[in-house]
Number of protein chains: 2
Amino acid sequence: MVEDDRLDGRQRRGRDTRAHIISAAMEQFCESGYRASSLRDIAARADITHPGVLYHFPTKEALLMAVLQRRDEQGRETRPVVGEMGRAALASMAAAAAHNETQRAMVELYAVLSAEATGPDHPAHAYFTERYERLHANVLEAYTVARDAGDLVDDVEPRVAAPQLIARIITAHLNTQLRVPLDAF
Amino acid sequence: MVEDDRLDGRQRRGRDTRAHIISAAMEQFCESGYRASSLRDIAARADITHPGVLYHFPTKEALLMAVLQRRDEQGRETRPVVGEMGRAALASMAAAAAHNETQRAMVELYAVLSAEATGPDHPAHAYFTERYERLHANVLEAYTVARDAGDLVDDVEPRVAAPQLIARIITAHLNTQLRVPLDAF
DNA sequence: GTCTATAAAGTGATAGAC
DNA sequence: GTCTATCACTTTATAGAC
């Protein structure tokens, strides 16, 4: 639940209701996905009414984007620095993956949302498509540089290895953290 | 799209509207998940109205179950036979995984639904939970029998290897088949 | 900045004609 | 077996009071 830091009963929180709404939305999207989460559900979690939410975020979609954006900001410090090369870039991706392990709620949210965003009409579709393409490009480049520097075992082909690395990290984390593991059978 | 086998314009299909509705629902659930798919969307795909759908399936939930059930029937022949042991059981799981590759739509549906069904109140939650538990138990037993028969490399621990195998198969397929790969970053 | 009240549209489901 | 019409409910979003 969203921790409750209002000073007393009447004057709710002097500052950042906004941050509380984002936390509440994160939890709700996590549990039910984006479409199945109503503004009323989210508002209730943040202890306000739904027009209260819409004062801070013009639309439900804007709220979703704010949630994704917060996650981007939180993850920034552990993300590989642009310009980092080969072996070093691969190493810092491993560090980022380890960091994700401590963020169960966010990983869950991403799992639910990225599956839901499979449809091209979903508000987060572009977000996830771009994100994956960028990630893939980065990993691919890191592998390529690492190979050219002689850091890779001989028969590792960057174009094959990149999606494999991404897939491995995704699985390892999702299936230890989801309440119901993703199931392809 | 659902193939269109009505004889001509007026008398729609002599038989199985039911099967067509299931196909249409499968496509729709695939694209948008369960909750975001309306009976009207599904009905339009099957070229009827939404009360027409509800004549064949009493509720939307019953329709979901019919979709999942069809998938169970289709997959039955490639599923490991009960009583198959160790190495043989592991081998037939590999065969089942290969078969899944030819069923892009179903795999996509499962990916979307199982993520959505993470919440305990989702109609398919129990379905996926039970399914995963049964799958895990089977794989675990197969590994255990294989080890006792001396078929495994020494330090392979069944209790560790089973979820790893499941995870690997899931990832490999999901991320080559989904329009937007699952993303944990 | 948050509320009550409400609008406009969509939802699953039912009743009854044909 | 499929339709039209409709019900009761929920949704996102807006208007206006405080």
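Here is the naming used below: chain letters follow the sequence lines, and residue numbers restart at 1 for every chain.
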### Query
CG/A:Leu64 to CZ/A:Arg35 distance, rounded to the nearest 0.5 angstrom?
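The CG atom of A:Leu64 sits 10.5 Å away from the CZ atom of A:Arg35.
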
Would you indicate which nucleotide in [options] comes nearest to any side-chain atom of [X]?
X       : options               : result
A:Ile48 : D:dT2, C:dT2, D:dT12  : C:dT2
B:Tyr55 : D:dT12, C:dA15, D:dG1 : D:dG1
B:Pro51 : C:dG12, D:dA13, D:dC3 : D:dC3

### Message
Applying a 4.0 Å non-hydrogen cut-off, can you work out what A:Leu39 is touching in the nucleic acid: base, sugar-phosphate, or nothing?
### Response
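The answer is sugar-phosphate, as A:Leu39 gets under 4.0 Å only of primed atoms, P, OP1 or OP2.
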
### Task
For B:Thr49, report the nucleic acid contact type (base, sugar-phosphate, nothing); a contact means any heavy atom under 4.0 Å.
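It contacts base atoms.
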
### Task
Check whether any side-chain nitrogen or oxygen of B:Ser38 sits under 4.0 Å from OP1 or OP2 of C:dG10, and answer yes or no.
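For C:dG10, OP1/OP2 do not have a side-chain N/O of B:Ser38 under 4.0 Å.
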
### Task
Report yes if at least one side-chain N or O of A:Thr17 is closer than 4.0 Å to OP1 or OP2 of C:dT2; otherwise report no.
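Answer is yes, contact under 4.0 Å.
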
### Message
Out of the candidates B:His20, B:Met26, B:Gln28, only one should pair with B:Arg45 under the side-chain contact (heavy atoms from CB on, under 4.5 Å) rule; please name it.
### Response
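Among B:His20, B:Met26, B:Gln28, the one meeting side-chain contact (heavy atoms from CB on, under 4.5 Å) with B:Arg45 is B:Gln28.
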
In whole Å, I'd like the distance from the [atom1] atom of [X] to the [atom2] atom of [N].
X       : N      : atom1 : atom2 : result
B:Lys60 : C:dT11 : NZ    : P     : 9 Å
A:His56 : C:dG1  : NE2   : C1'   : 6 Å
B:Leu63 : C:dT11 : CG    : P     : 15 Å
B:Leu54 : C:dT11 : CG    : P     : 13 Å

### Task
Record whether the side chain of B:Arg40 comes under 3.5 Å of the base of C:dG12 through a donor-acceptor pair of N or O atoms.
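Such a pair exists between side chain and base.
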
### Query
Same cluster for A:Leu54 and A:Leu63 if Ile/Leu/Val/Met/Phe/Trp/Tyr side chains link at under 4.5 Å?
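Yes; tracing contacts between hydrophobic side chains, which count when under 4.5 Å, links both residues.
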
